[in-house]
Amino acid sequence: MTKEQRLKKRYRAEKRFKMYGLISVSLAVIFVLILVQNIFSKGSSAFSRTMIEVAVNYDSSLLELEGPINQNSLKDADFYDLAVESLLKIYPAKDSKEERQILRLFSPDYEFEIKDFLIKNPNKIDQIVPVKITASDDIDQLNKGNFPRDLPEDRRRVSNYQLNIYDNLIEKEKIDKKFNNYLFTKGDSRDPELAGIGGSLMGSFFTIIICLILSFPIAIMASIYLEEFAPKNKITDFIEININNLAAVPSIVYGLLGLGILLSVMEFPRSTPLVAGITLSLMTLPRIIIPCRASLKAVPPSIREAALSVGASKFQTVFHHVVPLAMPGTLSGTIIGLAQALGETAPLILIGMVAFVVDIPSSPVDPSASLPVQVYLWSEQAERGFVEKTSATIMMLLGFLIVMNFIAVYLRQKFEKKWN
Amino acid sequence: MPLFAGTAFIALIAMCVAVPIGLFSGIYLAEYASTKVRKYSKPIIEILAGIPTVVYGFFAALTVGPFFRTLGESLGLTVSSESALAAGLIMGVMIIPYISSLSDDVINSVPQSLREGSYAIGATKSETIKKVVIPAALPGIIGSILLAVSRAIGETMIVVMAAGLAANLTINPLESTTTITTQIVMILVGDQEFDSPKTQAAFALGLTLFIATLILNYIALRVVKKYREKYD
């Protein structure tokens, strides 16, 4: 092998090596894009909801009202007969089997939607009014085009008869799409078209608030003590090693801790944001203490010496000068820690937040779900409608995380001083 | 025993994905990339670490799992839709940034004088990296890999959602296996008495997991720290 050949070979190896690096970086970046694109393409359709317009005959004789017609009596009235009467009129049915199929075009809540419309417009009684009613999940998916129509009938969830009605309604322009406000206002449900993340949103909110209240003061005080007041000896070294190790312990172990101590020994109520918040704050504490200490360490000693030399006490030096200067770093560390806590699922599953909760929690001691747990719960469901709901929940969750991380980065860049 | 084997197996698949991609990304970002490429691609790769694991689990279970199954069917293989391969692959993607960021850091902290010495005797850039920079940065790189392994062992949601539940002593990546974390979740979801043997088994598994990850983390942190002091 001549000198030139060797040189060429070495240069080729050089190029190859550089290519490997470039390929790895692009692979990682491409994967981020695939993941985001996949979630968004699945989830975006969950933000709209298919409605079917039905001419509802508000016949007061079907309501069996006693006494005068007012808001209260309407609230107590049974709208089932009236609703069924009007819904069945959208298409001729031969027998009770076909009637049931017609009713299955609508979400199980049609009775209440018809009732709510009348309570909002009490003057429409004894009139025939067009009302838009939420369609069932199957029709919703059909309308969004997620549904193969060419399968044989016994493998489809929608029968030929229902397809005929659907095509007929499309022709009459009775089918409409609107913004899905149920997604944000409703709690969990067995029916995808009625399920919303309202409950888990509140659950996550309470959890994060409790986590913040518990972990932020403790973390700041601990890091101030360790950085400014504690003597450097074996004990503080040991504590430091421990904190670093705790930050890397798997989150499921914290879930076991919450289950073993909070639920079984202290008997806190199961499935509540209170327990979730305490468990997550145990997990977040070391993850906040580490960046807090780093930002305190980054304040140069000259600041402390200057304050001490003009006669400030140690306490005044720390709290009037060092802590305010370290604040941007501590805040952004806290926000990033909380963002991790927000996305955490495994410990919450262990402390029983997987319960099926329909009601929206109004306080931290009500049972509830949280956003990531909701993703887990819905991903186990078989209906096609839950796939888009799950993706939409993930979009919300990622949205919150991006906002939190953005705030953290902004705080750090805007307010952090460079000491040189 | 099948539990530990399953855990180690899935972690191994994950490391097969994460170590090459993470290491080469780290090297490329530290040594070759222009500041502009670095400025944009580093945060994007770190997004991977910020995504909640339940999202990866959903992705693995709904997209990657079925994808492998159809791929396997077209090749004439039977692939379980909850395969260890899908879970391990996605887990590997999740821990790429742990390896790439840390190895990027340690490679950057290798003193410039070592590189210049190597260039001076006529080595190309890749030869310098392979023969000088990586050996110098090796303890830090190993530390970052150990940290990533401990992440992979403790990871719960991806395996719960994508790797199946049956404890299976197998080395076929296309079958479903289960891990310690999955087993803990499976035992403790549902209503059991707190002193039932099953619950205690779950706590014992949790303790094992805790000790295993603690040892890994301890070694990794010691190695990284010791190495950092050497060049200060």
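Sequence lines set the chain letters: A, B, ... in the order given, protein chains first and strands last, and positions in each chain run from 1.
- The distance from atom CG of B:Leu62 to atom OG1 of A:Thr390, rounded to the nearest 0.5 Å, is 7.5 Å.
- When A:Ile402, A:Ile349, A:Leu22 are compared by the number of non-hydrogen pairs under 4.5 Å with chain B, A:Leu22 comes out ahead.
- Contact detail for B:Pro52 and A:Leu397: the closest heavy-atom pair is CG-CD2, 3.9 Å.
- Here the CG atom belonging to A:Leu27 is positioned 12.0 Å from the CZ atom belonging to B:Phe24, to the nearest 0.5 angstrom.
- Only the side chain of B:Ile129 has a heavy atom closer than 4.5 Å to any heavy atom of chain A.
- Proximity to chain B (any heavy atom under 4.5 Å) is shown, for A:Asn245, by both the backbone and the side chain.
- For the atom pair A:Glu14 CD and B:Tyr32 OH, the distance stands at 4.0 Å (nearest 0.5 Å).
- Using a 4.5 Å cut-off between heavy atoms, A:Lys42 touches chain B through its side chain atoms alone.
- Minimum interatomic distance between A:Ser24 and B:Pro20 (heavy atoms only, all atoms of both residues): OG-O, 4.1 Å.
- Here the OH atom belonging to B:Tyr28 is positioned 12.0 Å from the CZ atom belonging to A:Phe17, to the nearest 0.5 angstrom.
- Proximity to chain A (any heavy atom under 4.5 Å) is restricted, for B:Phe59, to the side chain, taken from C-beta onward.
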Item to complete: Evaluate the side-chain contact (heavy atoms from CB on, under 4.5 Å) criterion for residues A:Val29 and B:Tyr40: first the C-alpha distance (whole Å), next the side-chain angles of each, then the deciding distance (0.1 Å), finally the verdict.
Response: CA-CA 10 Å; A:Val29 172; B:Tyr40 290 106; over 6 Å; no
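- No part of A:Ile23 comes within reach of chain B, as not one of its non-hydrogen atoms sits under 4.5 angstrom from that chain.
- Of the listed residues B:Thr213, B:Val93, B:Leu48, B:Ile45, the one with more heavy-atom pairs under 4.5 angstrom with chain A than any other is B:Val93.
- For the options B:Leu23, B:Ile184, B:Ile96, B:Ile27, heavy-atom pairs under 4.5 Å to chain A are most numerous at B:Ile184.
- Using a 4.5 Å cut-off between heavy atoms, A:Ile39 contacts chain B through its side chain alone, with no backbone atom that close.
- Contacts between A:Val253 and chain B at a heavy-atom distance below 4.5 Å involve the side chain alone, from C-beta outward.
- Ranked by heavy-atom pairs under 4.5 Å with chain A, the first of B:Glu155, B:Lys130, B:Arg151 is B:Lys130.
- With a threshold of 4.5 angstrom between heavy atoms, B:Ile90 approaches chain A through side-chain atoms but not through N, CA, C or O.
- Looking only at heavy-atom pairs under 4.5 Å with chain A, the residue among B:Ile47, B:Thr53, B:Thr63, B:Ile153 that has the most is B:Thr63.
- Using a 4.5 Å heavy-atom threshold, the side chains of B:Ser150 and A:Val249 count as separate.
- For OH of A:Tyr11, the number of neighbouring non-hydrogen atoms (other residues, nucleotides, ligands) closer than 6.0 Å is 12 at most.
- One distance of note links CG of A:Leu348 with CE of B:Met157; it measures 9.5 Å at 0.5 Å rounding.
- Residue contact with chain A, scored on non-hydrogen atoms closer than 4.5 Å, is absent for B:Pro97.
- The residue among B:Val55, B:Leu207, B:Leu147 with the most heavy atom pairs within less than 4.5 Å of chain A is B:Val55.
- For the pair A:Val25 and B:Ser41, the tightest heavy-atom approach, listed with the atom from each and the gap, is CG1-CB, 4.0 Å.
- Interatomic distance, CG of A:Leu256 versus CZ of B:Phe210, reported as 11.0 Å (0.5 Å rounding).
- B:Phe58 and A:Ser379 get closest at one heavy-atom pair: CD1-CB, 3.7 Å.
- Ring geometry, A:Phe31 versus B:Tyr56: the interplanar angle falls under 30°, so the pair is classed parallel (tilted spans 30 to 60°).
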